[in-house]
Engineer: 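Structure provided below as structure tokens; questions to follow.
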Number of protein chains: 2
Amino acid sequence: MSSTVPVAYGPGAGPGPYTPAQTRIIEAALDLFAEHGVGGTSLQMIADAIGVTKAAVYHQFKTKEEIVVAAAGAELARVETAIEAAEAEPTPARARDLLVTRIVDLAVERRRMESTLLGDPVIVRFFAHHEPFRQVMGRLYRILMGDARGSDARVPAAMLTAAIGGAVMHPLVADLDDETLRSQLLHLARRFLDLPD
Amino acid sequence: MSSTVPVAYGPGAGPGPYTPAQTRIIEAALDLFAEHGVGGTSLQMIADAIGVTKAAVYHQFKTKEEIVVAAAGAELARVETAIEAAEAEPTPARARDLLVTRIVDLAVERRRMESTLLGDPVIVRFFAHHEPFRQVMGRLYRILMGDARGSDARVPAAMLTAAIGGAVMHPLVADLDDETLRSQLLHLARRFLDLPD
DNA sequence: GTCTATACGCGGATAGAC
DNA sequence: GTCTATCCGCGTATAGAC
């Protein structure tokens, strides 16, 4: 896993960088969430993983939900980086192309991490009402759909993001190496969007 | 919700039909799982929903996991029905076509039910090692992929099932009526598989 | 066959000492 | 920043009433 914990929602928008103690908790939580799911991970497991007591963890984050938000936010920050790169492209077509490439890279690179987290119903339900998350996702969908807003654009955008996120943790592809999975996913995603190979 | 609780894994393969008390529990559990997730649903909530005590529920199913399996199995049985209809088709191409249509119908009809359940990490992890489930999924993938077994076939199959299941519970399409969502999903799924409209 | 009563252990959470 | 101690709710489990 990466040794850095990205802060979500762009520079200055979040609560600032985490303390070393908080960073240790987030990294341990990410590993455990990816392996056992959010609901299957107890604070005791997190505490044991870094060698402290449960109450010490609670001192850093007031609730388990805060840990979940920090962990998911760290993954979301990676998505936001991809979005910012895409938004810097000169044309909408090139922005879409770069975004799809980056999202596929991210999904494959962090396989069970990114998708287990963002697919977890606990996280899905929380972020559905979380404004900063909604804004990041709004930027992502805007790049994917262009200015179209009807069902003709929203259904394919929903399918594509679900397809990429869901495919990487699918049992059918569990034994594929990263590079094979990456190139196949990218090819199919481009085809789905009618982008040139 | 339907008033019947399908029994999973085909006639004679399961533990047989459920008692009325068990059926009430399964139906209540399906509703609650869809709304709060598996991890967010307690036996107390299920008991309250049908007006009995926690211990009464526990008497019908020895563990919460058994309730989860029964509830997920009821949804899985609907998928199996679609698979059986597809397998009865005369050609592989027509089987694929019918299966995609039925799966889209099912996903839309039961929206937050089917997908919340089958997307829940608790269920995913359990069924990953559950042989009857794996066999049903194996039949589904075989119809989708034909006899191909390489990554060229497995990645698109993984993407398509993830896309359909994930799209119906996606926030982007939450406000679409069922018929619009159904026709869009079916059109795009067919296009993804290079099937004629 | 269905239910009530009761108890145990674990996970989430808080208060206050070092 | 970490600890001990404690509380509450939930999942698990057993005994026994109707």
Side-chain angles (χ1 to χ4, degrees), chain A residues 5 15-73 116-117 120-123 125-127, chain B residues 5 7 14-73 117 120-127:
Chain A
V5 172
Y18 296 110
T19 66
Q22 287 173 326
T23 300
R24 284 194 297 274
I25 291 171
I26 292 171
E27 288 176 347
L30 276 171
D31 269 342
L32 290 165
F33 288 165
E35 188 174 349
H36 303 104
V38 174
T41 300
S42 70
L43 291 187
Q44 189 66 64
M45 290 162 74
I46 297 173
D48 289 348
I50 56 183
V52 298
T53 64
K54 214 167 45 163
V57 174
Y58 264 103
H59 184 263
Q60 305 298 331
F61 295 95
K62 272 186 277 296
T63 65
K64 183 182 180 181
E65 186 173 281
E66 280 188 20
I67 299 176
V68 172
V69 170
T116 297
L117 266 186
D120 194 296
V122 177
I123 295 180
R125 292 193 166 265
F126 176 79
F127 275 152
Chain B
V5 172
V7 178
Y18 296 109
T19 66
Q22 287 173 326
T23 300
R24 286 194 296 274
I25 291 170
I26 292 171
E27 288 175 348
L30 277 171
D31 269 342
L32 291 165
F33 289 165
E35 188 174 347
H36 303 103
V38 174
T41 300
S42 70
L43 290 189
Q44 189 66 65
M45 291 162 73
I46 297 173
D48 290 348
I50 57 183
V52 298
T53 64
K54 210 168 52 164
V57 173
Y58 185 71
H59 182 264
Q60 303 298 331
F61 295 95
K62 272 188 278 296
T63 65
K64 183 183 179 181
E65 186 173 281
E66 281 189 19
I67 299 177
V68 171
V69 170
L117 266 186
D120 195 298
V122 177
I123 295 180
V124 168
R125 288 189 168 271
F126 176 78
F127 276 151

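If you're wondering where the values come from, they're calculated on a predicted model, not measured in any experiment. By convention in this document, chain letters (A, B, ...) are assigned in the order of the sequence lines, proteins followed by strands, and residues within each chain are numbered from 1. These numbers come from the heavy atoms of this one structure, side chains and all, not from hydrogens, waters or symmetry mates.
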Engineer: Would you mind writing out the side-chain donor-acceptor pairs for residues 46-61 of chain B within the sub-3.5 Å range, not counting sequence neighbours?
Structural biologist:
from	atom 1	to	atom 2	distance (Å)
B:Asp48	OD1	B:Gln44	NE2	3.1
B:Thr53	OG1	B:Ala56	N	3.3
B:Tyr58	OH	B:Lys62	O	3.0

Engineer: Could you run down nucleotides 8-14 of chain D 5' to 3' and tag each one B, S or - for protein heavy-atom contact under 4.0 Å?
Structural biologist: --SBBBB
Engineer: Given side chain to side chain contact (heavy atoms under 4.5 Å, CB included), test A:Val69 with A:Glu66 step by step and report yes or no.
Structural biologist: CA-CA 5 Å; A:Val69 170; A:Glu66 280 188 20; 5.6 Å; no
Engineer: Where the side chain of A:Thr19 is concerned, which of D:dG1, C:dC3, D:dT2 is the nearest nucleotide?
Structural biologist: D:dG1
Engineer: Take atom OH of B:Tyr18 and atom P of C:dT2, then tell me their distance rounded to the nearest Å.
Structural biologist: 15 Å
Engineer: OP1, OP2 of D:dT2 versus side-chain N and O of A:Gln60: anything below 4.0 Å?
Structural biologist: yes
Engineer: Who pairs with A:Thr19 by side-chain hydrogen bond (donor to acceptor under 3.5 Å, both in side chains), at least two apart in sequence or on another chain?
Structural biologist: A:Gln22
Engineer: Calculate the interatomic distance between A:Glu66 atom CD and C:dG12 atom C1'; express it in whole Å.
Structural biologist: 14 Å
Engineer: Hey, is the side chain of B:Thr53 poking within less than 4.0 Å of OP1 or OP2 on C:dT4, counting only N and O atoms?
Structural biologist: yes
Engineer: Could you tell me if the side chain of A:Ile25 sits less than 4.5 Å from the side chain of A:Tyr18, heavy atoms only?
Structural biologist: no
Engineer: Find the distance A:Ile50:CD1 to D:dC3:C1' and express it as a whole number of Å.
Structural biologist: 14 Å
Engineer: Please state how far atom CZ in A:Phe61 lies from atom C1' in C:dT14, giving the value in whole angstrom units.
Structural biologist: 18 Å
Engineer: Closest heavy-atom contact between A:His36 and A:Thr41?
Structural biologist: CB-OG1, 3.8 Å
Engineer: Looking at B:Arg24, I'd like to know whether one of its side-chain N or O atoms comes within less than 4.0 Å of OP1 or OP2 on C:dT2.
Structural biologist: no
Engineer: Can you list the residues that meet the side chain to side chain contact (heavy atoms under 4.5 Å, CB included) rule with A:Glu35, with sequence neighbours excluded?
Structural biologist: none
